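Comments concern the structure below.
On a predicted model such as this, the values are computed, not experimentally measured, just so you know. For the single chain, residues carry numbers from 1 onward in sequence order. Keep in mind that the numbers below use all heavy atoms, side chains included, and drop hydrogens, waters and symmetry copies.
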Amino acid sequence: MTTAVVNSRIDELRSVGPTTVAIYWRNLRPFSSWWAKEIEATNPFAGADLPSAKPQDPDVVDLDDIRALLETCKGREFADRRDNAIIRVLFDTGARRGELITLTVDDWDRRRDYLTLRGKTGTRVVPISPSTGEAMARYVRARGNHPAGTKTDALWLGGKGPLRDSGISQLLARRCDMAGLPRINPPRFRHTFAHEFKAAGGSEGDLMLLAGWKSSAMAHRYGRSAAAQRARDAHRNLGLGDRL
């Protein structure tokens with residue numbers, strides 16, 4: 001495992017939410033107890049308090065930061081075409097990383113601009129915007145000249161073949177560094193997609209279908225975040241302080 005991969009994984013672990021931290025804690029505690037008995041050492045979990053699992057509002061990405069990332073992809077090199085398309089798909093569809101890397105060339109319906117996503121909650125078809133479709137078209141043309149382009153149906157290609165999950169993390173880390181931004185991991189694009197969808201007036205039911213959620217809990221959580229933003233925007237538009 002390369003240093004770049006390790007660093008990208010560390011960045012992702014630093015950004016996990018409290019619920020995920022609590023899950024890690026519960027899974028590690030029995031292992032730590034077994035390990036301490038096996039080597040007759042002090043159990044580091046002895047007396048440790050269970051971390052709070054209270055969910056926080058989703059950590060969204062400012063749209064200006066996404067625009068800054070896209071600015072770094074304005075070249076005509078293969079990586080520029082690919083990274084531009086990937087960033088747009090992540091934001092435009094809320095695709096999970098696993099759903100992104102399993103996309104094939106045939107999963108893009110070019111006539112209707114639909115993507116077929118396959119993930120842990122099943123298969124769903126989501127629309128993409130014209131600008132995302134244009135970025136996809138430019139990338140697919142560049143993909144045709146890639147050495148592995150005729151050897152695999154995987155949509156996203158790296159230097160040696162299909163792009164893997166670590167490759168997604170590395171390209172995002174590289175683009176963030178180029179844009180002078182803190183590291184942004186794939187789940188934050190999903191959070192931002194859901195937040196912006198709700199902020200634009202989208203319904204929770206539609207968000208559930210588009211995001212591939214089987215429970216309304218997650219859609220409601222993002223709706224709460226968007227409601228707070230809508231309230232702040234309404235207050236700013238009223239300009240109460242300016243009435244004095």
Among L210, T93, V126, the one residue meeting side chain to side chain contact (heavy atoms under 4.5 Å, CB included) with F193: L210
Euclidean distance, E204 CD relative to W213 CH2, rounded to 0.5 Å: 9.5 Å
Residues in ring-ring contact (aromatic ring centres under 6.0 Å, His included) contact with H146, at least two apart in sequence or another chain: F78
Main-chain N/O of S129 paired with D92 side-chain donor or acceptor, under 3.5 Å: yes
S166 and S169 side chains, donor-acceptor separation under 3.5 Å: no
Spacing of R183 atom CZ and L172 atom CG [to the nearest 0.5 Å]: 10.0 Å
Single-linkage hydrophobic cluster L63~L70, side-chain heavy atoms < 4.5 angstrom: yes
R190 side-chain N/O to A211 backbone N/O, donor-acceptor pair under 3.5 Å: yes
Test log, rule salt bridge (Lys or Arg N to Asp or Glu O under 4.0 Å), inputs R174 and D177: CA-CA 5 Å; R174 183 174 65 254; D177 290 344; over 6 Å; no
Residue pairs, two or more places apart or on separate chains, that pass ring-ring contact (aromatic ring centres under 6.0 Å, His included) and touch residues 223-244: none
Check: A179 main-chain N/O paired with T72 side-chain donor or acceptor under 3.5 Å: no
Pair D64 + R67: basic N to acidic O under 4.0 Å: yes
I128 backbone acceptor or donor facing T132 side chain under 3.5 Å: no
Pairs meeting criterion salt bridge (Lys or Arg N to Asp or Glu O under 4.0 Å) with involvement of residues 114-128, two or more places apart: E99-R124, D107-R118
Approximate separation, where rounding is to 0.5 Å, of E71 CD and N84 CG: 10.0 Å
Any donor-acceptor N/O pair, S216 side chain to A219 backbone, under 3.5 Å: no
Listed once per pair and sorted, the ring-ring contact (aromatic ring centres under 6.0 Å, His included) pairs that draw on residues 79-128, sequence neighbours left out: none
Under-4.0 Å salt bridge between D80 and R175: yes
Euclidean distance, L117 CG relative to L100 CG, rounded to 0.5 Å: 8.5 Å
I86 and L171: CA distance, side-chain angles, deciding distance, side chain to side chain contact (heavy atoms under 4.5 Å, CB included) verdict: CA-CA 10 Å; I86 285 177; L171 75 84; 3.8 Å; yes
Test salt bridge (charged side-chain N to carboxylate O under 4.0 Å, His left out) applied to R188 and D65, D62, D59, the passing residue: D59
Side-chain cluster (under 4.5 Å, hydrophobic types only) that L238 belongs to, other residues: L240
Check: R143 side chain, L155 main-chain N or O, donor-acceptor pair, under 3.5 Å: yes
Note: E134-R138 ion pair, threshold 4.0 Å (strictly below): yes
The single option from I66, L90, I184 passing side chain to side chain contact (heavy atoms under 4.5 Å, CB included) against T192: I66
For M178, the rest of its hydrophobic cluster, which grows through side-chain links under 4.5 angstrom: none
D233 and R236 ion-paired at < 4.0 Å: no
Residue pair K198 / L207, side-chain heavy-atom distance below 4.5 Å: yes
